[in-house]
Amino acid sequence: MDKSLYIVIPCYNEQEVLPITAPMFLDKINSLIEQGLCNEKSRVLFVNDGSKDDTWNIIQQLAEKHEKIVGLTLTRNRGHQNALLAGLMWAKDRCDVTISIDCDGQDDINAMDEMMKNYHEGCHVVYGVRSKRDTDTFFKRVTAEGFYKFMHIMGAETVFNHADYRLMSKEALEGLAQFKEVNLFLRGQVPMVGYKSTAVYYERNERIAGESHYPFSKMLNLALNGITSLSVKPLRYITGIGLVMAVVSFVIFAYAIFTKLFGNTVSGWTSMIAVMTLIGGIQLFCLGIIGEYIGKIYSETKARPRFIIEKTTEDDKE
Ligand code: UDP
Ligand code: MG
């Protein structure tokens, strides 16, 4: 049972919420240690994702005051997924198991006890799954659930109602480290890593303070990124549409020949334009999707670093 746990928490402009939730995370890690679920080397790791407010200062102060809190900061804002990966990869070399969670207190930290129990029973990945969405607005709920369903149809396998609250063992993280892609969508990549996994159910609360950084536009972006990063199903659908269009145009062609040979040859200008625009529209749409993938190939071949760690609270101590 002598395992060290790092709780990895990405933070972007969270000066309002951090002073409230940081002590909660600290209490949690102490309680897990007391219960023997992890050892004294366990830490709470805050990743500052290039915040423009006082977040990094707060993290540094917390790290100075509490031995169990550590922090690292990125050179600039890279987005939730990159910040989380930075934290996980940094933690991977220092501990046996990680739990990632948002810093706004929305996810029930008490689910960590069960996650750790599952880990000790041999699970390498434990997904935190929301049991219900009462606290969300109707709009958020409908768009979020639509998001998972749409992702599924498009071939991006994800765990339903699971965001990025999850436990991952060192081994699973080593696996994740081998995914070299630049366009990150962790909740789709982690299931690809494999290993024994399970889920823990919890109720999600409202944000304790501050504002969400995931408005509808960003969520749509995440969904599009998830689909085009994970699956080539849209390309298959294009093939399907192309096939249907081929059949339809053959029928129209046969009909045109038929009318030419047996009578009424007054050709309809309107219907011709209609067909042309229809086909033109579909072709453009398909080109757009293909373009999405070409864009991905472009950025993947560039293989830019996904994050650069500027400094950590541990640098001075070493
Ligand atoms: N976050 C981040 N970088 C960003 C945006 C968000 O590290 O560019 C962090 C944020 O501090 C929080 C988590 O990602 O800990 C989730 O963000 P948020 O709570 O705003 O999203 P929501 O829960 O509303 O989907
Ligand atoms: Mg949140």
Side-chain angles (χ1 to χ4, degrees), residues 6-22 24-25 28 44-59 62 69 71-91 98-109 111-112 128-130 132-148 151 158-166 182-187 202-226 306-310 312:
Y6 269 45
I7 301 178
V8 181
I9 309 163
C11 309
Y12 176 59
N13 292 348
E14 299 285 13
Q15 62 182 14
E16 280 105 25
V17 83
L18 212 51
I20 308 170
T21 51
M24 291 162 60
F25 290 121
K28 181 44 74 186
V44 178
L45 166 63
F46 290 105
V47 181
N48 173 40
D49 184 17
S51 300
K52 293 176 181 64
D53 64 2
D54 225 20
T55 302
W56 178 233
N57 276 338
I58 297 172
I59 294 173
L62 285 165
I69 292 182
L72 61 85
T73 185
L74 305 186
T75 48
R76 52 160 295 176
N77 180 245
R78 295 293 287 115
H80 177 207
Q81 300 286 296
N82 292 294
L84 181 54
L85 187 73
L88 290 174
M89 290 301 122
W90 194 76
T98 61
I99 295 177
S100 55
I101 188 167
D102 293 351
C103 76
D104 54 14
Q106 280 192 287
D107 302 310
D108 181 9
I109 54 173
M112 288 186 190
V129 175
R130 308 173 58 167
K132 54 181 181 180
R133 284 185 172 265
D134 292 1
T135 51
D136 281 347
T137 60
F138 178 74
F139 181 72
K140 174 100 187 177
R141 190 164 66 224
V142 169
T143 50
E145 288 190 348
F147 167 87
Y148 290 103
M151 297 280 300
T158 51
V159 178
F160 191 70
N161 269 344
H162 158 72
D164 283 304
Y165 184 19
R166 79 175 81 79
V182 179
N183 296 290
L184 291 180
F185 187 65
L186 292 173
R187 66 188 88 160
Y202 70 96
E203 282 173 26
R204 193 162 150 123
N205 307 312
E206 280 176 52
R207 221 173 205 285
I208 292 181
E211 269 174 26
S212 168
H213 304 98
Y214 269 100
F216 183 65
S217 58
K218 258 201 188 174
M219 211 159 78
L220 200 66
N221 213 347
L222 187 70
L224 273 181
N225 193 22
R306 288 163 295 183
F307 51 80
I308 305 161
I309 295 172
E310 185 176 308
T312 82

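None of the values given here were measured: they were computed from a predicted structure. Start at 1 and go down the list; that is how both ligands and their atoms are numbered.
- Under the 4.0 angstrom criterion for non-hydrogen atoms, Arg204 is in contact with ligand 1.
- Each of the atoms 19 (O), 23 (O) of ligand 1 lies under 4.0 Å from some heavy atom of Asp104.
- Neither the backbone nor the side chain of Arg78 has any atom closer than 4.0 Å to an atom of ligand 1 (non-hydrogen atoms only).
- Atom 21 (O) of ligand 1 has as its closest protein heavy atom Tyr214 CD1, 3.2 Å.
- Heavy-atom proximity to Glu14, at under 4.0 Å, picks out these atoms of ligand 1: 10 (C), 11 (O), 12 (C), 15 (O).
- Salt bridge annotation for Arg207-Glu16: absent, with no cationic side-chain nitrogen under 4.0 angstrom from a carboxylate oxygen.
- Protein heavy atom in closest approach to atom 20 (O) of ligand 1: His213 N, 2.5 Å.
- Looking at His80 against ligand 1, both its backbone and its side chain come within 4.0 Å, counting heavy atoms.
- Taking all atoms of both residues into account, the shortest heavy-atom contact from Ser100 to Leu84 is CB-CD1, 3.5 Å.
- The closest approach between any non-hydrogen atom of Arg207 and ligand 1 is below 4.0 Å.
- Counting only non-hydrogen atoms, the option in Ile101, Asp102, Asp49 that gets closest to atom 3 (N) of ligand 1 is Asp49.
- Between atom CG of residue Asn48 and atom OG1 of residue Thr75 there is a gap of 10.5 Å, rounded to the nearest 0.5 Å.
- Heavy-atom minimum distance, Val47 versus Gly87: CG2-CA, 3.6 Å.
- The shortest heavy-atom contact between Asp53 and Gln15 is OD2-CG, 3.1 Å.
- The pair Arg204-Asp107 meets the salt-bridge criterion, with a side-chain N (NZ, NE, NH1 or NH2) lying under 4.0 Å from an Asp/Glu carboxylate O.
- Considering all non-hydrogen atoms of both residues, Ser51 and Cys11 come closest at OG-O, 3.5 Å.
- For atom 22 (P) of ligand 1, the closest heavy atom belonging to the protein is Ser212 OG, 3.7 Å.
- Tyr12 CB, 3.7 Å is the protein heavy atom nearest to atom 1 (N) of ligand 1.
- For ligand 1, the atoms sitting less than 4.0 Å from at least one non-hydrogen atom of Cys11 are 7 (O), 11 (O), numbered in the order shown with element in parentheses.
- Atom CD1 of Ile208 is separated from atom CD1 of Ile20 by 6.0 Å, given to the nearest 0.5 angstrom.
- Taking the six-membered ring where tryptophan is involved, the planes of Tyr202 and Tyr165 are perpendicular, since the angle between them exceeds 60° and thus also 30°.
- The shortest N or O to N or O distance between Cys103 and ligand 1 is below 3.5 Å.
- The atoms of ligand 1 that sit less than 4.0 Å from any heavy atom of Pro10 are 7 (O), 9 (C), 10 (C), 11 (O), 12 (C), 15 (O).
- Looking at Asn77 against ligand 1, only its side chain comes within 4.0 Å, counting heavy atoms.
- In summary, the side chains of Gln81 and Asp164 do present a donor paired with an acceptor at a separation below 3.5 Å, with no hydrogens or angles considered.
- Closest approach between the Mg ion (ligand 2) and any N/O/S atom of Asp104 involves OD2.
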